[in-house]
Amino acid sequence: MKLHGLYAITDSQLLADGKLLPYVEAALKGGARLLQYRDKSSEDARRLREAEALRELCERYGAALIINDDAELAARLGVGLHLGQSDGSLAAARALLGRQAIIGGTCHAQLELADMAANEGANYIAFGRFFNSTTKPGAPAATLDLLQAAHDRFSLPIVAIGGVTLANAPQLIARGASMVAVIHALFSADSAAQVEQRARAFSALFADTPDT
Ligand SMILES: Cc1ncc(COP(=O)(O)OP(=O)(O)O)c(N)n1
Ligand SMILES: Cc1nc(C(=O)O)sc1CCOP(=O)(O)O
Ligand SMILES: [Mg+2]
């Protein structure tokens with residue numbers, strides 16, 4: 001799987017009231033290549049049920065499911081994992097999930113964290129936040145120059161996250177982002193049809209960019 005294009009991330013508030021599956025399906029129809037299940041609750045039974053349903057949707061659309069934070073859930077489902085700096089060892093997650101699993105790591109605005117993630121076997125490195133984020137306003141800020149420096153230094157795919165919109169994503173792609181990870185600008189929509197339209201527009205931004 002090429003790590004290139006739109007990376008959709010779920011949000012428990014925006015996708016409440018029965019929106020999780022229809023809105024995610026719309027994002028996948030619109031071309032999202034990775035889907036991260038990000039649910040910070042400790043309702044394990046619901047999390048398992050939802051993650052299983054998302055895995056089925058991702059399989060249907062040829063996308064990959066990534067679980068946020070929870071290596072055990074990723075292992076149970078046989079899917080990918082995203083780990084932040086306080087979420088446990090990436091190397092241990094690699095040992096648990098195996099060579100085929102897609103594992104990504106948060107690197108904030110620090111190339112040194114990306115060095116470590118790369119050494120521990122990450123498949124992608126994520127930097128952010130690049131713009132004001134409604135979802136996570138307190139995340140440390142990253143700059144476009146940092147993104148360019150990461151692109152010059154690493155051959156791993158780079159994910160840009162934080163306040164990404166259709167208007168600002170082109171700057172990130174021009175500076176080397178292989179994927180843009182989006183919550184609010186994708187899922188804060190009035191309908192599934194609007195999500196699909198937004199996802200198509202994000203995906204189209206990658207149409208003429210190299211997918212290596
Ligand atoms: C693609 C991507 N990049 C960064 C993050 C942030 O991870 P983390 O710092 O662990 O914060 P939480 O998402 O767990 O609140 C991410 N989830 N996905
Ligand atoms: C989950 C997350 N992590 C970030 C980081 O910078 O590490 S920013 C962020 C939220 C992304 O949501 P939105 O697209 O709504 O800004
Ligand atoms: Mg985390």
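Just so it is clear, the values below take in all heavy atoms, side chains as well, and ignore hydrogens, waters and symmetry mates. Every number for a ligand or one of its atoms is a count from 1 in the order of the listing.
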Check your understanding: Taking both backbone and side-chain atoms of D69, is any N or O found less than 3.5 Å from an N or O belonging to ligand 1?
Key ->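 So ligand 1 has an N or O lying under 3.5 Å from an N or O of D69.
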
Check your understanding: H108 to ligand 1: N or O pair under 3.5 Å?
Key ->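 No; every N/O pair is 3.5 Å or more apart.
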
Check your understanding: Between H82 and T106, is any side-chain donor less than 3.5 angstrom from a side-chain acceptor?
Key ->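 There is such a pair between these side chains.
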
Practice item. Would you check if there is a donor-acceptor pair between the side chains of D145 and T143 at a distance under 3.5 Å? Key: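 Checked: T143/D145 side chains show no N/O donor-acceptor pair below 3.5 Å.
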
Check your understanding: Who are the ring pair (Phe, Tyr, Trp, His ring centres under 6.0 Å) partners of Y23, not counting sequence neighbours?
Key ->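 With sequence neighbours excluded, Y23 shows a ring pair (Phe, Tyr, Trp, His ring centres under 6.0 Å) to no residue whatsoever.
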
Check your understanding: Does L77 reach the side chain of L48, with side-chain heavy atoms less than 4.5 Å apart?
Key ->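 Contact flag for L77/L48 side chains = yes.
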
**Study point:** Heavy-atom closest contact (E120 atom, S89 atom, distance)
**Key:**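 Closest heavy-atom pair between E120 and S89: OE1-OG, 4.1 Å.
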
Point to revise | Closest heavy-atom pair and its distance - L90, L83 | key: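 The pair with the smallest heavy-atom distance is CA-CD1, 3.9 Å.
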
Count the heavy atoms belonging to other residues, nucleotides or ligands that lie under 6.0 Å from [atom1] of [X], then report whether that count exceeds 12.
X: R76; atom1: CZ; answer: no
X: H151; atom1: NE2; answer: no
X: D208; atom1: CG; answer: no

Review point. Between F187 and R198, does a side chain to side chain contact (heavy atoms under 4.5 Å, CB included) hold up when you go through it step by step?
Key: CA-CA 9 Å; F187 287 125; R198 291 179 182 184; over 6 Å; no

Check your understanding: Listed by chain and number, what are the side-chain hydrogen bond (donor to acceptor under 3.5 Å, both in side chains) partners of T209, not counting sequence neighbours?
Key ->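 H4.
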
In ligand 1, which numbered atoms sit nearer than 4.0 Å to a non-hydrogen atom of [X]?
X: R38; value: 12 (P), 13 (O), 15 (O)
X: D87; value: 10 (O)
X: A126; value: 3 (N)

Review point. Around the Mg ion (ligand 3), how many protein N/O/S atoms fall inside 2.8 Å?
Key: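 Near the Mg ion (ligand 3), the number of protein N, O or S atoms below 2.8 Å is 2.
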
What residue and atom, counting heavy atoms only, is the protein's closest point to [atom], and at what distance?
atom: atom 1 (C) of ligand 1; value: Y7 CE1, 3.6 Å
atom: atom 2 (C) of ligand 1; value: H82 CE1, 3.3 Å
atom: atom 8 (P) of ligand 1; value: T106 OG1, 3.6 Å

Exercise for review: To the nearest 0.5 Å, tell me how far L15 CG sits from R38 CZ.
Suggested key: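 Result: 12.0 Å between the selected atoms.
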
Practice item. Please determine which of I161, V182, I66 meets the side-chain contact (heavy atoms from CB on, under 4.5 Å) test together with Y7. Key: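 Only one of I161, V182, I66 forms a side-chain contact (heavy atoms from CB on, under 4.5 Å) with Y7, namely I66.
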
Check your understanding: Heavy-atom distance to atom 14 (O) of ligand 1: which of Q36, K40, K136 wins?
Key ->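 When every heavy atom of Q36, K40, K136 is considered, K40 comes closest to atom 14 (O) of ligand 1.
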
Below 3.5 Å only, please: the N or O atoms of ligand 2 paired with protein N or O atoms, distance on each line.
{"from": "ligand 2", "atom 1": "6 (O)", "to": "R129", "atom 2": "N", "distance (Å)": "3.1"}
{"from": "ligand 2", "atom 1": "12 (O)", "to": "T135", "atom 2": "OG1", "distance (Å)": "3.4"}
{"from": "ligand 2", "atom 1": "14 (O)", "to": "I183", "atom 2": "N", "distance (Å)": "3.0"}
{"from": "ligand 2", "atom 1": "15 (O)", "to": "T135", "atom 2": "OG1", "distance (Å)": "2.4"}
{"from": "ligand 2", "atom 1": "15 (O)", "to": "H184", "atom 2": "N", "distance (Å)": "3.0"}
{"from": "ligand 2", "atom 1": "16 (O)", "to": "S133", "atom 2": "OG", "distance (Å)": "2.6"}
{"from": "ligand 2", "atom 1": "16 (O)", "to": "G163", "atom 2": "N", "distance (Å)": "2.8"}

**Study point:** Side-chain (N168) to main-chain (G163) donor-acceptor, under 3.5 angstrom
**Key:**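 Such a contact is found between N168 side chain and G163 backbone.
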
